[in-house]
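Encoded as structure tokens, the structure appears first; notes follow it.
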Amino acid sequence: MFSFWSRIWVPLLLMLTVCRGETVKTKVLVLGAGMAGISAARSLNQSGLTDFVILESAGRVGGRLWKVQFGGKTIDIGGNWIHGISDDNPVWAMVKSYNMTGTVTNWDNIKVRNGSGQDVTPQWHAVLASLDEPTEAAYDLAVERNATGQPDMPLRAALKLGGWNPGSSMEKAVEYANYDWNYGEEPDVSTLLRGELDPTYELFGEEEYFLTDPRGYVYIIEQMAESFLAGNDQRLKLNKTVTTIRWGDDGVTVTTKDGSTYTADFAVVTFSMGVLQSNAVEFVPGLPDWKREAISRVRMALYTTIYLKFPSKFWDDDEYIVYVGDRRGYYTVWQNMEAEGLFPAGTNIILVTLIGEEARRVEAQSDEATQAEIMAVLRVMYGPGIPDPGDILVPRWEQDPLFRGSFANWGVGIDDEVLRKLQAPVAGRLFFAGDGTGVHYGYLQGAFFEGARVAGAIGTCLRGGPCEEGYQPPRRGCTCPAADNFDRQATVDNGSCQYPTSGAGRIWRFSVSSYILVVAAFAFNDMV
Ligand SMILES: Cc1cc2nc3c(=O)[nH]c(=O)nc-3n(C[C@H](O)[C@H](O)[C@H](O)COP(=O)(O)OP(=O)(O)OC[C@H]3O[C@@H](n4cnc5c(N)ncnc54)[C@H](O)[C@@H]3O)c2cc1C
């Protein structure tokens, strides 16, 4: 028979063991299993570095690619477009190889209704045409400023210089649909240089594909993960919430909420910029100022897609429906989910998107209150007799502690130096990758490339090649060009570095460096 003490101590010891979690040692820790994390781990694996562990807080892979069941359909509440449908875009290459259903977005397939519900589509096209010249002027200005090394400016200022001063509700709606709806933020805070010279559009083209595949957009990440993780592979640990990251010259130790401890030579942090800015994860010691500055300069846009399921369809047949009301960005852009190439007729689902403050406001209120607002707008457009929806889905990306927003939007002034700070590892041990750390910011392919980039850097170091040390501030008056890490083309004049101002040279380097990034990512992923 058990003694009195053993009856108390044995269960206590068992409890302590369970609560303390596991202790694991590995070469590389990948923190987060969204696109960047899975891309990093896959690249490590493909290069023969199989000793890694992925820690993910959710019970699934995919991160901001997230499918749910709604109204009898699989819908994506996170990313749902492929931006740039060229075979050079790895995301499109995967979507194409899996024959994923969807349609190429057609912005001309649109119906526009005003605050009285009248069809004002011809007026929309006229105002849209008047935005052409200011848009071209903004692009030319971006090219010129980039070529001559002049600083960035807000997109709003460039549009104003091009003669765009939206005053009417229609002009505001046109601007909103063209800019806010893309960047997730107003032109006032978006960058002219990075936005207008967006390498995703320059390299992969401007066409966009909206997915409606029943497997969900996340299928491509699931397939990437399956390509290197066996059924119950212990290198992928779900439901592991990272709370502390201790770093130093000799490696990294990560603690999770369940008391587990993981040590490694290197770690790849792929949490969203919103999560990093929220201080939900403690870094010990705190991150250096240069890294904190870079992280805090990336904006986390809020983009909320609200789905509604009705008993019957009463809206226009066009792919897009725009509501031009008095309030800018108030339930402005709608998507008819039954338009050609999307869901079949009879699905009765419509989607409306909110951005920024409007999205934040809706996140904070009840779904019933949001539904009432939406129905008031729909009744303006389609009359008082339309039915109430049977169901509504309002995602809350900013309130979610695993994301704290929707996607990265680079604000004004993220120049090459800030980019270096974003990408440089801390102490040569702690690497950062995600949709906020590279030039394809805010896109899925950005997260893909960034994961592959850091895996390449770690792989090179582990194989005895040069190891990335960390950020070194630009040294003025140095022996240029070789010793200057700010601009290798710089020369010395009177003891200070002079940077080239020739337009062709700078544009060439900007595009070529983006291209090299793409090719390098592909090449690395093809390595076995
Ligand atoms: C509403 C919306 C619409 C979008 N639309 C598009 C689009 O149409 N096209 C496009 O290309 N992109 C779109 N995006 C952006 C795209 O989804 C992201 O750029 C991409 O998914 C980011 O991948 P990531 O790996 O960098 O980050 P994430 O996907 O955020 O991955 C990070 C992972 O870290 C995990 N994590 C966070 N905190 C912790 C912690 N403490 N411990 C452990 N794990 C943690 C998270 O759960 C997550 O899985 C959209 C995003 C949203 C939200």
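Whatever order the structure lists ligands and atoms in, that order sets their numbers, starting from 1.
Of the protein's non-hydrogen atoms, the one nearest atom 6 (C) of ligand 1 is Gly79 CA, 3.3 Å. In terms of protein heavy-atom proximity, atom 15 (C) of ligand 1 is nearest to Gly442 O, 3.6 Å.
Here His83 has side-chain heavy atoms under 4.0 Å from ligand 1, and that is the only part of it that gets that close. When non-hydrogen atoms are compared, ligand 1 lies under 4.0 Å from the side chain of Val281 (C-beta onward) but not from its backbone.
Side-chain contact, Tyr471 with Glu417: a donor N or O sits under 3.5 Å from an acceptor N or O.
Ranked by closest heavy atom to atom 8 (O) of ligand 1, the top entry among Trp81, Trp66, Phe210 is Trp81.
Look at Ala280 and you'll find every heavy atom at least 4.0 Å from all atoms of ligand 1. A heavy-atom separation below 4.0 Å is not found between Thr243 and ligand 1. Close to ligand 1: Thr241, with a non-hydrogen atom less than 4.0 angstrom away. Using a 4.0 Å cutoff on heavy atoms, Glu450 does not count as a contact of ligand 1.
Between Tyr179 and Tyr183, the two ring planes are parallel [angle under 30°; tilted spans 30° to 60°].
Between Trp107 and Tyr320, the ring centre distance stays below 6.0 Å. Checked against the 6.0 Å centroid criterion, the rings of Trp81 and Trp181 qualify as a close aromatic pair. Checked against the 6.0 Å centroid criterion, the rings of Trp92 and Tyr209 qualify as a close aromatic pair. Annotation: His440 is in aromatic contact with Phe204 [ring centroid separation under 6.0 Å].
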#### Entry: Full working for side-chain hydrogen bond (donor to acceptor under 3.5 Å, both in side chains) between Thr347 and Lys73
CA-CA 8 Å; Thr347 308; Lys73 287 281 161 200; 5.0 Å; no
